[in-house]
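Atoms considered below: every heavy atom in the structure, side chains included; atoms not considered: hydrogens, waters and symmetry mates.
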Amino acid sequence: MSDVNVGSLEEIALKRKEKLQALKRKREGNEEHNSVPTNTQTVLPKPKFRSYKPEDEKLNEHKLEDAKPGDVEAEVKDQLSLGKSQVIIDELDITNLAPRKPDWDLKRDVAKKLEKLERRTQRAIAELIRDRLKERETYIS
């Protein structure tokens with residue numbers, strides 16, 4: 001009985017392999033058909049040499065100019081002047097600084113469902129109170 005299962009598994013594997021090969025051949029055929037240019041020349045992208053200095057003079061025209069450093073002194077002075085200004089403690093919001101509890105996202109996701117349940121609960125409580133009042137009225141009368 002195990003021989004039958006192994007034989008059928010091998011047949012299934014061979015069929016799958018044939019299908020995959022057929023798909024591969026079909027894809028390659030489409031790629032060959034699509035890759036042939038129709039009366040146009042394929043345009044290759046032009047290289048940009050940022051840190052490489054080509055030896056060939058023809059390629060030198062694609063070389064990018066060296067980056068020039070900015071004015072570091074002015075930036076450092078700006079940052080130092082910003083660092084000297086005092087931070088007003090009244091403007092800081094402590095709630096943004098405190099870490100969130102680990103289950104904050106779970107509570108956020110359940111909030112809508114809880115609102116619906118809260119409304120239903122309030123209705124049910126109101127209905128029970130009405131029923132008790134009606135019972136008292138009928139009991140008293």
> To the nearest 0.5 Å, what is the distance between CG (Leu133) and CG (Leu128)?
Replying inline: 11.0 Å
> Which other residues belong to the hydrophobic cluster containing Leu80, where Ile, Leu, Val, Met, Phe, Trp and Tyr are joined when side-chain heavy atoms lie under 4.5 Å apart, directly or via other members?
Replying inline: Val72, Val76
> Looking only at heavy atoms, which two atoms of Lys63 and Pro54 are closest? And how far apart?
Replying inline: CD-CD, 4.4 Å
> Around Glu61, counting heavy atoms of other residues, nucleotides and ligands shown, do more than 12 lie under 6.0 Å from its CD?
Replying inline: yes
>> Quick check for you: to the nearest 0.5 Å, what is the distance between Thr138 atom OG1 and Arg136 atom CZ?
In response: 11.0 Å
> How far apart are the closest heavy atoms of Pro102 and Asp105, and which atoms are they?
Replying inline: O-OD1, 3.7 Å
> What pair of heavy atoms forms the shortest contact from Tyr52 to Phe49, and how long is it?
Replying inline: O-CB, 3.3 Å
Do any side-chain atoms of residues 106-127 form donor-acceptor pairs under 3.5 angstrom with protein atoms, and if so which ones, sequence neighbours left out?
unit_1	atom_1	unit_2	atom_2	d
Glu118	OE2	Gln122	NE2	3.0
Thr121	OG1	Leu117	O	2.6

> At what distance, to the nearest 0.5 angstrom, does CG of Asp78 lie from CG of Asp71?
Replying inline: 9.5 Å
>> Clusters formed by hydrophobic residues whose side-chain heavy atoms approach within less than 4.5 Å: which one holds Leu20, and what are its other members?
In response: none
>> Gln21: which residues meet the side-chain contact (heavy atoms from CB on, under 4.5 Å) condition with it, sequence neighbours left out?
In response: Lys17, Arg25
>> Measuring from atom CD of Glu10 to atom CD1 of Ile12, what distance do you get when rounded to the nearest 0.5 angstrom?
In response: 10.5 Å
> Listed by chain and number, what are the side-chain contact (heavy atoms from CB on, under 4.5 Å) partners of Leu64, not counting sequence neighbours?
Replying inline: Lys48, Arg50
